[in-house]
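Following: one structure in structure tokens, then a few remarks.
Heavy atoms only: backbone and side chains are in, while hydrogens, waters and symmetry mates are out. All residue numbers in this chain count up from 1 along the given sequence.
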Amino acid sequence: MDKFCVFCKIVEGAIPSNKLYEDDTIMAFHDINPQAPVHVVIIPKLHIAESANDINDENKDVIAHIFASIPKIAKLAGVSSYRIINNCGEDAGQTVMHIHFHLLGGKDMGEKLV
């Protein structure tokens, strides 16, 4: 855990969240600044990496577990059609340096990404 990381503080319960899903490895909660009717943030509980640039042999199984859990999280969120986004670095809009994925849905997202 990184004592200064907001997501690590959410995992330890120091910062409240509107939790949707949790298991031994990951946590999913509703974003406090939603960009779509459904906007869920999915994080590993351990501060294993800052961004997708840091995925490696030691943490790839946790990332795979996140993606294996996404359909279950989407169903809990009430969506069957959704977009998964990972912002990698500040210029891409990443504001929390703890690898995380955004599940967005609940409306027609269209084909355009930006």
Side-chain angles (χ1 to χ4, degrees):
M1 294 263 181
D2 178 334
K3 67 181 182 176
F4 299 108
C5 172
V6 67
F7 288 166
C8 289
K9 290 179 181 182
I10 288 171
V11 169
E12 65 187 23
I15 296 176
S17 67
N18 186 359
K19 193 182 327 177
L20 178 65
Y21 176 82
E22 181 176 17
D23 64 26
D24 291 341
T25 307
I26 67 172
M27 178 184 259
F29 49 89
H30 296 277
D31 196 290
I32 61 169
N33 185 24
Q35 303 299 304
V38 173
H39 186 168
V40 177
V41 179
I42 307 165
I43 65 169
K45 287 185 169 182
L46 293 177
H47 191 100
I48 58 167
E50 288 191 1
S51 74
N53 289 331
D54 300 311
I55 297 171
N56 58 39
D57 285 340
E58 283 112 39
N59 60 38
K60 66 184 180 185
D61 291 340
V62 174
I63 304 305
H65 178 70
I66 287 172
F67 278 86
S69 301
I70 284 173
K72 181 185 325 180
I73 294 166
K75 186 174 182 178
L76 289 170
V79 293
S80 59
S81 181
Y82 52 88
R83 180 174 291 162
I84 300 296
I85 296 175
N86 170 257
N87 298 322
C88 187
E90 291 180 19
D91 286 346
Q94 185 178 3
T95 58
V96 179
M97 299 307 160
H98 177 129
I99 195 166
H100 60 284
F101 300 88
H102 300 266
L103 184 152
L104 301 162
K107 71 174 188 175
D108 182 349
M109 305 292 284
E111 293 181 19
K112 193 171 180 183
L113 294 180
V114 292

Do V41 and H102 make a side-chain contact, defined as non-hydrogen atoms from C-beta onward lying under 4.5 Å apart? yes
Near L76 CG, under 6.0 Å, is it more than 12 heavy atoms from other residues, nucleotides or ligands? yes
Side-chain donor/acceptor of H30 to backbone N/O of A77, under 3.5 Å: no
Between V40 and Y82, is any pair of side-chain heavy atoms under 4.5 Å apart? no
To the nearest 0.5 Å, atom CD1 of I10 lies from atom NZ of K19 at 10.5 Å
State, yes or no, whether a side-chain contact exists between F101 and N86 at a heavy-atom distance under 4.5 Å. yes
Do I84 and V79 belong together in a cluster built from hydrophobic side chains that touch within less than 4.5 Å? yes
Can you name the residues that form a side chain to side chain contact (heavy atoms under 4.5 Å, CB included) with S51, not counting sequence neighbours? N53, D54, C88, Q94
If the condition is side chain to side chain contact (heavy atoms under 4.5 Å, CB included), which residues does I55 pass it with, not counting sequence neighbours? A52, N59, K60, I63, I99
Taking ILVMFWY side chains as joined if any heavy atoms are under 4.5 angstrom apart, and letting links pass through other members, which residues group with M109? I85, L104
Can you confirm whether L113 sits close enough to R83 that some side-chain heavy atom of one is under 4.5 Å from a side-chain heavy atom of the other? yes
Donor-acceptor contact present, side-chain H98 to main-chain V96, <3.5 Å: no
Any chain of hydrophobic side-chain contacts (each under 4.5 Å) joining L103 to I66? yes
Tell me if the CG atom of D91 is crowded by more than 12 foreign heavy atoms within 6.0 Å. no
dist L20:CG -> I42:CD1 (nearest 0.5 Å) comes out at 8.5 Å
